[in-house]
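Accompanying notes for the structure given below.
Residue numbers begin at 1 in each chain, while the letters A, B, ... track the order of the sequences. Keep in mind that the numbers below use all heavy atoms, side chains included, and drop hydrogens, waters and symmetry copies.
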Amino acid sequence: MFSTSSQRKFWTFSDESELARLREKHNLNYISKHGAHIDEYQRYNFFLSPDEERLLLKQYELHLKEFCKRFSPPMPKGVVGTAFHYFKRFYLYNSTMDYHPKEILATCVYLACKVEEFNVSIGQFVANIKGDRDKASDIILNNELLLMQQLNYHLTIHNPFRPVEGFLIDIKTRCSLANPERLRSGIDEFLEKVFLTDACLLYAPSQIALAAVLHAASKEQENLDSYVTEMLFRDAGPDKLAILIEAVRKIRSLVKMVESPARERVRVIEKKLDRCRNQENNPDSEIYKRRMRELLDEDDMPHVSSNRMSLDTSGVTQVLSPSAS
Amino acid sequence: MDDQACPRCKTTKYRNPSLKLMVNVCGHVLCESCVDLLFLKGSGTCPDCNILLRRGNFRVQLFEDPMVEKEVDIRKRVLRDYNKKEEDFATLRDYNDYLEEIETIVYNLTNNIDVVETNKRIEQYKKENKELIMKNKAKIGREAVQLEEVLEKEKELEELRRQELSRLEQEAKKQKIREKEALIDELMFADGDAKDILNTFAQNMANKQEELASAVPLVTQFSSGVQFTRGASNQPIPIIEEGPLYKYEPLAVPDRCGPDAPSIANIVNCGYLKHVRAENECEKAGGYSATLPCLRALQDALAGLYHAS
């Protein structure tokens with residue numbers, strides 16, 4: 001149940017400015033940690049700004065959607081939704097410069113497959129990835145535990161897909177709307193776009209689902225307002241109805257504002273990222289390779305891994321902070 | 001014991017550890033399964049001596065020698081009639097002769113000597129002493145009743161003693177609690193050193209216990225000198241302390257943060273099921289019912305609708 005979930009308690013935020021603040025904070029953290037030797041002006045040119053990070057992540061969310069769409073065997077919707085949640089949550093408390101979104105993306109989908117009980121082996125999984133598959137499976141498996149830790153092991157995700165089914169059953173039973181099934185294409189389209197917004201970090205899955213249903217109805221020139229006011233909210237006060245109406249309006253406007261980022265800009269940002277990213281977490285870098293070699297040579301896993309953990313502690317304490325409130 | 005064997009089926013104790021040998025009045029043994037087999041109709045003849053036997057008279061062999069069993073049986077029967085006491089005879093000599101006669105009869109019957117003759121003797125004796133036999137039988141009955149009375153009295157005394165013990169125990173417990181409370185009160189309100197107070201209380205307690213030990217003269221025997229209860233089972237059974245009883249409290253339903261979903265009865269009656277896939281036979285056998293996913297979808301749809309950021 002959403003009302004008692006960790007999703008509501010720790011991962012549903014009050015408004016967009018809170019999300020922006022968190023993202024900015026970790027952007028600045030990274031810059032101050034890795035850019036101490038660079039002067040103020042150069043810093044701006046060398047590192048990604050919060051806006052640039054945002055744009056990059058939007059691009060990668062599109063990639064995530066495409067990846068899931070083309071995934072074989074075909075993936076249930078719930079896995080996609082869960083993967084989106086993980087991806088968004090991870091980058092609330094981490095900078096793209098620390099962990100490349102390309103790698104986290106694949107890890108999120110892999111973990112989502114597991115959590116949503118969509119059974120694919122790592123071999124089957126990397127068959128969907130272009131390029132060096134052994135390397136990809138190494139990266140995914142290396143990042144899987146990191147991802148879970150950064151999610152604070154809150155792995156259960158409440159997606160809006162089942163609530164949509166619930167609303168459709170309810171509408172079919174209690175409303176006189178003709179052929180509610182025709183709303184489905186509109187709903188699916190809406191939900192696909194919802195995951196490109198921050199709506200799932202701000203609203204309850206049932207609110208998102210209701211927004212999708214209402215949006216699809218208005219596209220079909222139908223009006224379900226009376227269903228909402230006279231059936232769903234008949235016993236609730238007008239204040240609750242006002243909150244819901246505002247939420248639905250906000251979700252719909254967020255979806256309306258979705259646009260794919262300009263390709264040129266993204267390309268520039270990616271180039272910039274290649275230079276400013278944390279080389280310790282870059283599997284292609286010399287530092288990373290050397291460390292892996294040391295790890296193998298020393299055969300002293302606990303010691304080395306504890307070193308590695310200490311790099312991440314900033315993220316961990318920040319992940320923990322919302323639970324303290 | 002090792003060579004115990006049924007003479008008919010030759011089963012031994014070694015081959016069948018649960019072998020049970022049975023004896024009837026003639027003193028010939030048979031194992032339990034042979035008895036079941038031969039005396040299916042309730043009566044039959046002994047395979048050894050062809051005497052007519054009843055199944056009900058078979059009993060488990062107690063003595064190793066079956067002849068002893070036979071003798072015990074016969075003695076019991078004979079003594080039912082030869083029940084005279086020493087008081088019934090004028091001289092000791094007569095009584096001894098009488099006992100001698102009983103032994104002769106039992107020996108003859110056991111060893112099949114002059115059986116017809118002996119039985120006649122018994123009949124004769126019965127006829128001659130009819131009155132005396134009846135009188136003595138009644139006397140024996142009376143004695144049995146008296147014995148029972150004595151046993152009953154012993155039981156009552158035992159019960160009284162037990163009650164006394166439990167009362168004492170309860171009192172001791174109460175006393176202990178009172179002392180503890182007094183100690184705590186003292187510790188709370190007195191100005192003296194806590195250690196001193198503790199010491200004096202411990203001293204007092206020890207003294208009291210000694211007194212108590214000497215104060216209760218435990219009665220361990222009846223006035224007749226017979227000890228109560230056998231062996232050392234004199235200690236009362238320790239009472240196991242039990243905590244307060246478990247009280248059921250219904251689970252609090254968490255706030256769903258949304259309108260209430262219809263109940264299962266409503267889902268079935270209001271037509272919700274028309275809009276979900278019905279379960280097939282196989283699924284039904286597995287315990288699946290279409291109401292469950294329907295209810296879950298509705299609950300998920302409605303929960304969280306009131307969520308306010």
Side-chain angles (χ1 to χ4, degrees), chain A residues 1-5 7-9 12-19 158-175 180-181 199 201-213 228 231-237 239-248 250-251, chain B residues 188 241-309:
Chain A
M1 189 167 22
F2 172 74
S3 59
T4 54
S5 63
Q7 180 170 342
R8 184 183 185 198
K9 207 166 171 193
T12 305
F13 298 87
S14 56
D15 58 4
E16 286 173 290
S17 63
E18 200 182 341
L19 300 177
H158 294 264
N159 278 309
F161 305 112
R162 185 176 290 116
V164 162
E165 299 303 325
F167 281 126
L168 285 180
I169 293 170
D170 204 29
I171 288 169
K172 284 173 195 168
T173 312
R174 293 203 284 178
C175 273
E181 278 301 318
L201 294 172
L202 298 170
Y203 299 102
S206 53
Q207 291 173 327
I208 296 173
L210 188 59
V213 172
V228 176
M231 305 246 184
L232 292 180
F233 280 72
R234 195 185 52 210
D235 302 328
D239 48 331
K240 281 176 178 155
L241 183 61
I243 290 168
L244 180 88
I245 288 170
E246 176 58 21
V248 168
K250 196 80 218 294
I251 295 167
Chain B
M188 266 162 71
E241 284 279 339
E242 280 179 26
L245 284 176
Y246 173 75
K247 210 171 142 221
Y248 173 75
E249 272 161 26
L251 271 175
V253 179
D255 180 21
R256 289 182 189 283
C257 193
D260 287 330
S263 65
I264 286 190
N266 276 341
I267 285 179
V268 174
N269 295 330
C270 301
Y272 283 97
L273 289 179
K274 267 184 271 171
H275 307 295
V276 291
R277 185 179 65 83
E279 70 272 5
N280 62 29
E281 291 288 308
C282 294
E283 288 166 340
K284 219 184 243 174
Y288 172 87
S289 130
T291 44
L292 301 175
C294 182
L295 177 65
R296 187 171 177 201
L298 288 168
Q299 279 177 341
D300 265 16
L302 300 175
L305 273 185
Y306 297 165
H307 173 78
S309 40

Exercise for review: Pick one of side chain, backbone, both or neither for Ile169(A), based on which atoms fall under 4.5 Å of a heavy atom in chain B.
Suggested key: both
Revision key, fill the gap. Minimal heavy-atom distance between Asp170(A) and Leu298(B), with the atoms involved, is CB-CD2, 3.9 Å
Study note, to complete from the structure: Between Ser3(A) and Asp255(B), the two heavy atoms sitting closest are OG-O, 2.7 Å
Review point. What are the two closest heavy atoms between Thr173(A) and Cys270(B), and how far apart are they?
Key: CG2-O, 3.2 Å
Review point. Which of the residues Leu302(B), Asp300(B), Asp260(B) is involved in the greatest number of heavy-atom pairs with chain A at under 4.5 angstrom?
Key: Asp300(B)
Point to revise | Heavy-atom proximity to chain B below 4.5 Å, by part of Leu210(A) | key: side chain
Point to revise | Contact summary for Thr12(A) and His307(B), nearest pair of heavy atoms | key: CG2-NE2, 3.4 Å
Practice item. Examine whether an atom of Leu168(A) lies under 4.5 Å from a heavy atom of chain B, and if so say whether it belongs to the side chain, the backbone or both; otherwise answer neither. Key: neither
Check your understanding: With chain B, which of Phe167(A), Phe161(A), Phe2(A) has the greatest number of heavy-atom pairs at distances under 4.5 Å?
Key -> Phe167(A)
**Study point:** Any side-chain heavy-atom pair of Arg296(B) and Arg162(A) under 4.5 Å
**Key:** yes
Practice item. Could you tell me whether a side-chain N or O of Ser206(A) sits under 3.5 Å from a main-chain N or O of Ala303(B), the two making a donor and an acceptor? Key: yes
Exercise for review: Give, as side chain, backbone, both or neither, the part of Lys172(A) having an atom under 4.5 angstrom from any heavy atom of chain B.
Suggested key: both
Revision key, fill the gap. One should read off an interatomic distance between His275(B) NE2 and Glu165(A) CD, to the nearest 0.5 angstrom, of 13.5 Å
Practice item. Pick one of side chain, backbone, both or neither for Ala236(A), based on which atoms fall under 4.5 Å of a heavy atom in chain B. Key: both
Check your understanding: What residues, two or more places apart in sequence or in another chain, satisfy side-chain contact (heavy atoms from CB on, under 4.5 Å) together with Ala212(A)?
Key -> Ile187(A), Phe190(A), Leu191(A)
Point to revise | Test item: Cys257(B) and Arg8(A) side chains (from C-beta on) under 4.5 Å apart, heavy atoms | key: yes
Check your understanding: Given the rule in the side chain to side chain contact (heavy atoms under 4.5 Å, CB included) test, do Met1(A) and Gln299(B) qualify, once you have shown the distances and angles that lead to the verdict?
Key -> CA-CA 8 Å; Met1(A) 189 167 22; Gln299(B) 279 177 341; over 6 Å; no
